[in-house]
Amino acid sequence: MSIIIHEALRAYIDPLTEHEFTALERSILTEGCRDALVCWGDILIDGHNRYAICQRHNLPYNIVQNDNFSNIEDVQLWMIDNHLGRRSVTDFQRGMLALRKKEIVLARMKAQEEQSPSDNAESEVAVPVVKPTQSRQEIARLAGISSNAVVQIEKIQKAAAPELVQAVRDGTISISAAAAIASLPNEDQVAAVAGGRKELQQAARQVREKVREQKAPAKAVAAEAAAPAAIEGRQDSASSSGVDELSNLRQQVMHLQTENSELLSQIAALKAQLAG
């Protein structure tokens, strides 16, 4: 059968690095293409790299069909889940895949909400109800990473230059460092990437130091604003404590006076008995 390469699907998942592709090619040349390609009809949905290597070296391969999809979005969701199940996927790739799944699911939910009830009744194809993955905790759980990493990846996704994103994919810089550098102007990001690993680390360190310096005055102001209230609270507490102590002393005095009066009465009674 002829295989169709859907460019949007091939570009949807991060490509292998040069080192990874070379290792896969060496494995296929030695052991053959052990894993079958997966197609949806004529469209290849899994095994793009294996297919390219087999075509290059005129090697045989097997094909399995997966017809459990009604549209291209179903295929994309399947591809995401399929890649998230692989151990070789990096934390950054996992976060990006989970965020892409969120976008697809939310777009589908919005489309379902906008569809009129009459359209739903007349449709012959049942539209599956999907739960949107919205919170960072849900995305982190899906990707198998921390919520803090999800926040950093979102920042990279929104603000990082393509060169910085590629540096994270290649492992040249960590997710946290890339998130810090992403706050810089685009040209500064590109310049840092061009300088290599040390330049990237230095840029990330400078951004973090600047953030700490900006936070320090704010914390001082907050502490200064809170100080009078704390002092007033301690004064009120001391005053209240003094009032309570004085009240206790007065009660003790009254109790002693009562005891003294009772003793005087007993003494007078004893004197009267002796006199009789």
Interatomic spacing from [atom1] in [X] to [atom2] in [Y] - rounded to 0.5 Å:
X	Y	atom1	atom2	result
Q137	S147	CD	OG	4.5 Å
W40	S70	CH2	OG	7.5 Å
C39	N66	SG	CG	10.0 Å
I153	K158	CD1	NZ	13.0 Å
H6	I72	NE2	CD1	4.0 Å
I5	D42	CD1	CG	11.0 Å

Heavy-atom side-chain contact between [X] and [Y] under 4.5 Å:
X	Y	answer
V105	L77	yes
L9	Q76	yes
S183	K155	yes
W78	N68	no
L164	L200	yes
I43	F69	no
R100	L97	yes
Q166	V193	no

Testing the basics here: between [X] and [Y], what is the closest heavy-atom pair and its distance to 0.1 Å?
X	Y	value
I139	V150	CG2-CG1, 4.0 Å
S88	Q93	O-OE1, 4.4 Å
A36	V64	CB-CG1, 4.0 Å
I145	G95	CD1-CA, 3.8 Å
A191	E199	O-CG, 4.3 Å
A143	A98	CB-CB, 3.9 Å

Evaluate side-chain contact (heavy atoms from CB on, under 4.5 Å) for I104 paired with I80, printing each intermediate quantity in order. CA-CA 11 Å; I104 294 172; I80 289 173; 4.2 Å; yes
Before accepting this row, confirm whether a basic side-chain N of the pair R10/E7 lies closer than 4.0 Å to the acidic partner's carboxylate O. yes
Are R86 and D35 ion-paired here, with the side-chain N under 4.0 Å from a carboxylate O? no
With R108 as partner, the option from E73, E103, E113 fulfilling salt bridge (charged side-chain N to carboxylate O under 4.0 Å, His left out) is E73
Using modelled atom types only, decide if a donor and an acceptor are shared between the side chain of Q65 and the backbone of G41 within a distance under 3.5 Å. yes
Side-chain donor or acceptor of R94 paired with backbone N/O of L84 under 3.5 Å: yes
Would you tabulate the side-chain donor-acceptor contacts of residues 51-60 under 3.5 Å, counting partners in other chains and residues two or more places apart, or write 'none'?
residue: R56; atom: NH1; partner: E25; partner atom: OE2; Å: 2.9
residue: H57; atom: NE2; partner: E25; partner atom: OE2; Å: 2.7

In this structure, are over 12 heavy atoms from other groups packed under 6.0 Å from E18 atom CD? no
List the steps, then state whether side-chain contact (heavy atoms from CB on, under 4.5 Å) holds for E163 with Q189. CA-CA 8 Å; E163 293 83 355; Q189 296 182 38; over 6 Å; no
Hey, quick one: are Y61 and L24 part of the same hydrophobic cluster, counting side-chain heavy atoms closer than 4.5 Å, chains of contacts allowed? no
Would a single hydrophobic cluster contain both I45 and L16, if residues Ile, Leu, Val, Met, Phe, Trp and Tyr are joined by side-chain heavy-atom contacts under 4.5 Å? no
Check against side-chain contact (heavy atoms from CB on, under 4.5 Å), R141 and E138: CA-CA 5 Å; R141 185 163 53 251; E138 289 177 312; 3.4 Å; yes
Please assess I156 against M96 for the test side-chain contact (heavy atoms from CB on, under 4.5 Å), listing each intermediate value before the final yes or no. CA-CA 10 Å; I156 295 169; M96 291 293 288; over 6 Å; no
